[in-house]
Novice: 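Before I ask anything, here is the structure I am working with.
Values in this document were obtained by computation on a predicted structure and should not be read as measured data. Just follow the structure's listing: the first ligand is 1, and inside any ligand the first atom is 1. Heads up: numbering here begins at 1 and tracks the sequence.
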Amino acid sequence: MVAGRDYRVGGPEAPRAAAAGLVEAEWFRPPIDPERLRQLQVRGNARAAVDTAAWLGLLAGFGYLAFISLGTWWAIPAFAAYGALYGGAGDSRWHECGHGTAFKAKWLNDVVYYLASFMLLRQPTLWRWSHVRHHTDTIVVGRDAEIIFPRPSSPLSVAQVFLPVLNVPRMVVRTAKHALGRIDDEARSFVPADELGKLRWESWAYIAVLSGATAWSVAAWTIVPLLYVGLPTIYGAWLMAFFAMTQHAGLQEDVLDHRLNTRTVYMNPVLRFLYSNMNYHVEHHIFPTVPYYALPALHQEVRHHLAPAAPNTWSAYRDIATTMRRQWRDPSYDTPRDELPTPPGGGRAFVNTGHNVWAGDHHDGMFDLGPAGEPAPGGGRRVDVGDDTYALFRLDDGTLVCSQGRCTHGQAHLAEGAVMGDEVECPKHNGRFDLRSGQAVRRPATVPLALYPVEIRNGRVVSALQAQPAPSALQPQTKSVPT
Ligand code: FES
């Protein structure tokens, strides 16, 4: 086996990635009809509620079967199914609710997120920010904390992902350190300073629950309580690893195109239920504002711009095994992906989603931002004026809002995000802004948006593009025009 790279976040590869322009960069995005994207981004509570109830119902059912089978061989398959639902299927619930896309109601996303985080022994705040970084710098070495299969992955290291008898104890030790206020450098590199305090109380909550289960097991002199709480994270992890391996394993590192480092795999309905449709993983990475239940439809919209999906899980695993075997001898080896369609616009690394781009001139101190009838209610439109980028939104009540074009958190065009009520959700990390005040209302976005007053003149939207004062000094209705 050949020595690999240093995958530590913030390690020696981090400055190299920055120098190569791989940090917080703009990524490829295929064209899609903005109205269709708007439809696909719509959230509801019903579908996720049914799926969550089915998941928890199955978990409770197999837990009950395991209980009444104690002392018989039937307890083994019952606990195996319980563990897979707990430490395996819990992963995609954690993921979708962490993005805030599964349910429309924020509190429902939060409840399931915290529950699933505990099942996976992931500190909620730490992993929320770790996943933000994963979406910012996907599989960029030295930056992405969620590279599960560093090159070259040996059979032993792969086995440790499927049965994390070492990793889970390491996570428990890390949790204990965080409870004592000893926050490690990796966590400090992506968790904002004002959120570090949460790591401490979240760690204490985990320790309290795990200690309770352990004390119960010791007092009753039986392992059964721990088989229900704590140990399923280990013995059920194989299902999480089974799905996770299909996401990025063996694909390219240090690229700015999810078609090169992420894999979509066709799976049957049972696997898609267990995995919350995350088999459409390329689509999820490019359009994280689309909830899991709309990913199959999104796939139909954009698949002609993507690499062909693996026809089934078996085929994906065969490719992964072949690639990893070669990478064991040659870590620089990549799975060829020369069948990628050429994006419209030639070799550009970023393609907007079809919103009109208009380079304006100004008259009487006002810039013409386009026809008064655009965008439609609930829609957004990117407006480029010279080198500056703005976003024009129309709220459901017809109010037009012009904001700065790029998210205050990172490299994303807000016009490509989802307008929900009076808020826009960023297309990169699901941060949200109140379009009436500019205030950031969902992390990771924290810095307010600049808003620009607009007027309607002669059937055109015009603006001096002079930013309003800071949002906190604004009255909500003063920066937009009802039409
Ligand atoms: S780029 Fe991160 S929330 Fe917008």
Side-chain angles (χ1 to χ4, degrees), residues 9 17-18 21-29 32 34 37-38 41 43 95-102 106 109-110 113 124-140 143-146 189-195 256-258 262 283-291 349-353 355 379-384 388-393 401-435 437-451 471:
V9 172
L22 295 167
V23 174
E24 297 183 4
E26 284 191 332
W27 287 62
F28 170 80
R29 191 171 163 107
I32 182 171
L37 179 59
R38 194 175 71 79
Q41 289 170 327
R43 318 274 163 78
H95 175 266
E96 281 303 282
C97 293
H99 276 280
T101 49
K106 179 179 178 300
N109 284 313
D110 286 345
Y113 179 72
T125 300
L126 177 73
W127 280 76
R128 198 189 287 277
W129 286 99
S130 147
H131 200 64
V132 166
R133 175 65 69 79
H134 175 60
H135 271 262
T136 306
D137 301 323
T138 310
I139 318 298
V140 172
R143 293 283 300 175
D144 187 350
E146 296 184 9
S189 76
F190 51 74
V191 179
D194 65 340
E195 297 248 307
L256 298 179
D257 188 336
H258 290 106
T262 308
E283 293 82 350
H284 162 70
H285 262 280
I286 299 179
F287 298 98
T289 48
V290 174
F350 177 83
V351 178
N352 79 28
T353 54
H355 298 285
R381 185 163 156 275
R382 176 175 159 183
V383 182
D384 287 351
D388 297 322
T389 293
Y390 303 87
L392 193 61
F393 300 101
V401 176
C402 181
S403 76
Q404 68 183 77
R406 289 180 193 271
C407 180
T408 59
H409 175 249
Q411 297 292 340
H413 288 274
L414 288 171
E416 295 170 352
V419 178
M420 293 178 290
D422 288 353
E423 297 176 0
V424 62
E425 183 172 290
C426 173
K428 185 79 175 173
H429 305 118
N430 309 92
R432 287 194 199 172
F433 299 90
D434 183 329
L435 287 173
S437 68
Q439 205 67 48
V441 294
R442 186 178 192 274
R443 293 186 179 240
T446 54
V447 177
L449 275 183
L451 299 179

Novice: What atoms in ligand 1 come closer than 4.0 Å to a heavy atom of C407?
Specialist: 1 (S), 3 (S), 4 (Fe)
Novice: Strictly below 4.0 Å, N to O, side chains only: are K428 and E24 in salt-bridge contact?
Specialist: no
Novice: In the protein, which heavy atom is nearest to atom 1 (S) of ligand 1, and how far is it?
Specialist: G410 N, 3.3 Å
Novice: Looking at atom 2 (Fe) of ligand 1, is one of the N, O or S atoms of H409 less than 2.8 Å from it?
Specialist: yes
Novice: What atoms in ligand 1 come closer than 4.0 Å to a heavy atom of K428?
Specialist: 1 (S)
Novice: Just say parallel, tilted or perpendicular for the rings of H135 and H429, cut-offs at 30° and 60°.
Specialist: perpendicular
Novice: Quick check: closest heavy atoms across I286 and R29, and the distance to 0.1 Å?
Specialist: O-NH1, 3.3 Å
Novice: Out of all atoms in ligand 1, which are within 4.0 Å of some heavy atom of C426? Include the element for each.
Specialist: 1 (S), 3 (S), 4 (Fe)
Novice: For atom 4 (Fe) of ligand 1, decide whether H429 has an N, O or S atom at a distance under 2.8 Å.
Specialist: no
Novice: May I ask you to list the atoms of ligand 1 that are less than 4.0 angstrom from any heavy atom of G431?
Specialist: 3 (S)
Novice: Does the distance from a Lys or Arg side-chain N to an Asp or Glu carboxylate O, for R128 and E195, drop under 4.0 Å?
Specialist: no
Novice: Ring-plane angle category for H284 and H131, please: parallel below 30°, perpendicular beyond 60°, tilted otherwise.
Specialist: parallel
Novice: Does the plane of the ring in H285 sit parallel, tilted or perpendicular to the ring in H134? Use 30° and 60° as the thresholds.
Specialist: perpendicular
